[in-house]
Amino acid sequence: MSIIAIRDALHRPAIITGFGRDRSGLAALEFALILPIMVVLYLGGFEVSEAFMINRKVTHTSSVLGDLVAQVDQISDAEMSNVLDAASAVMNPFPVDSLTIIVSGVTVDGDGVATVVWSDARNIAAYEAGASIVLPDGVTQPNTFIVVAEVHYLYTPTFGHTLTGSFDLHDEFYLRPRLQNVIERI
């Protein structure tokens, strides 16, 4: 076919108008354009909802941890191990390998200075006895004892962790002993 014949064929109004009316591949084209956006939205929604669930579990774990310790007047090594096991179990069904727990007995002196009396931890080093600790303003009342429960969870998203990295989801609870003024660590 010559160039003139091709030019004449392309300039025919029937071919041009027929091509403009042809919609047979339009749905496939729209689907191809929208699919990546929908996949990102779906996976992003999954990641956000999972992060919220883990954050709620972290808050619940720190609450349970502090509450269990605040209910006793003294606590032994075996009892503390059971408390830490129970706190870890609250995180089910999420893995606990990136969960760190610290529970401490803190005394506040007459000047408002908080000092660690005892501390126990899981997957991290506990605070040293006698170490100074900073507490929020509303918590520090002179001559009191406070149970401090801290929980950290290093959340790594399943999809997109290369873009965002990991997040430290954490919470702290401050409770006063229920039975006595001080909880002894035996």
Side-chain angles (χ1 to χ4, degrees), residues 1-70 81-104 119-127 133-139 146-175:
M1 194 181 254
S2 72
I3 294 178
I4 295 172
I6 294 173
R7 183 191 62 170
D8 290 339
L10 290 176
H11 285 342
R12 289 188 188 151
I15 292 177
I16 293 173
T17 57
F19 181 72
R21 282 189 228 129
D22 187 15
R23 306 270 187 228
S24 61
L26 188 60
L29 178 65
E30 289 174 349
F31 180 74
L33 291 173
I34 292 175
L35 180 65
I37 296 168
M38 295 303 292
V39 168
V40 167
L41 287 175
Y42 177 76
L43 296 178
F46 170 77
E47 292 294 347
V48 168
S49 65
E50 186 174 55
F52 276 128
M53 286 189 302
I54 291 174
N55 195 36
R56 289 189 64 189
K57 290 278 192 174
V58 165
T59 300
H60 190 64
T61 301
S62 61
S63 170
V64 165
L65 177 64
D67 191 41
L68 288 173
V69 174
S81 178
N82 289 339
V83 166
L84 294 175
D85 288 343
S88 296
V90 172
M91 287 301 296
N92 274 339
F94 301 105
V96 295
D97 55 343
S98 61
L99 177 72
T100 59
I101 300 172
I102 302 174
V103 61
S104 306
S119 183
D120 289 279
R122 174 137 319 151
N123 297 333
I124 195 171
Y127 296 123
I133 188 169
V134 177
L135 298 175
D137 288 337
V139 176
I146 300 169
V147 175
V148 179
E150 302 174 54
V151 176
H152 292 264
Y153 191 93
L154 189 63
Y155 173 65
T156 304
T158 307
F159 310 101
H161 56 81
T162 56
L163 297 174
T164 61
S166 298
F167 300 97
D168 179 29
L169 304 174
H170 62 279
D171 207 348
E172 298 175 355
F173 264 71
Y174 307 95
L175 296 117

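For reference, positions follow the sequence shown, starting with 1.
Scanning for salt bridge (Lys or Arg N to Asp or Glu O under 4.0 Å) contacts around Asp168 gives an empty result, with sequence neighbours left out. In this structure, the side-chain contact (heavy atoms from CB on, under 4.5 Å) partners of Ile34, at least two apart in sequence or on a different chain, are Met38. For the side chain to side chain donor-acceptor pair (under 3.5 Å) test, no residue two or more places apart in sequence or in another chain qualifies with Asn92. Partners of Pro36 according to the side-chain contact (heavy atoms from CB on, under 4.5 Å) rule, which considers only residues two or more places apart in sequence or in another chain, do not exist here. Shown here are the side-chain contact (heavy atoms from CB on, under 4.5 Å) partners of Thr61, two or more places apart in sequence or in another chain: Ala87, Val90, Met91, Val151. Listed by chain and number, the residues in a side chain to side chain donor-acceptor pair (under 3.5 Å) with Ser119 are Ser104 (sequence neighbours excluded). Under the salt bridge (Lys or Arg N to Asp or Glu O under 4.0 Å) criterion, Asp120 pairs with Arg185, sequence neighbours left out. Residues forming a side chain to side chain donor-acceptor pair (under 3.5 Å) with Ser81 (at least two apart in sequence, or on another chain): none. Residues passing the side-chain contact (heavy atoms from CB on, under 4.5 Å) test with Val139, sequence neighbours excluded: Leu135, Pro136, Ile146, Tyr174. With sequence neighbours left out, the ring pair (Phe, Tyr, Trp, His ring centres under 6.0 Å) criterion links His170 to His152. With sequence neighbours excluded, the residues satisfying side chain to side chain donor-acceptor pair (under 3.5 Å) with Tyr155 are Glu47, Glu50.
Smallest separation of non-hydrogen atoms from Ser166 and Leu154: CB-CD1, 3.8 Å. Here the closest heavy-atom approach between residue Gly66 and residue Val147 is recorded as O-CG1, 4.1 Å. Heavy-atom minimum distance, Leu99 versus Asn123: O-ND2, 2.7 Å.
Listed by first and then second residue, the salt bridge (Lys or Arg N to Asp or Glu O under 4.0 Å) pairs that reach into residues 84-93 are Asp85-Arg122, sequence neighbours excluded.
The distance from atom OH of Tyr127 to atom CD1 of Ile102, rounded to the nearest 0.5 Å, is 4.0 Å.
Heavy-atom contacts from other residues, nucleotides or ligands closer than 6.0 Å to CZ of Phe52 number 12 or fewer.
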query = Is there a side-chain contact (heavy atoms from CB on, under 4.5 Å) between Tyr153 and Val96 once you walk through the steps?
reply = CA-CA 8 Å; Tyr153 191 93; Val96 295; 5.8 Å; no
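Side chain of Ser63 to main chain of Thr59: no donor-acceptor pair is present (N/O by atom type, distance under 3.5 Å, no hydrogens or angles).
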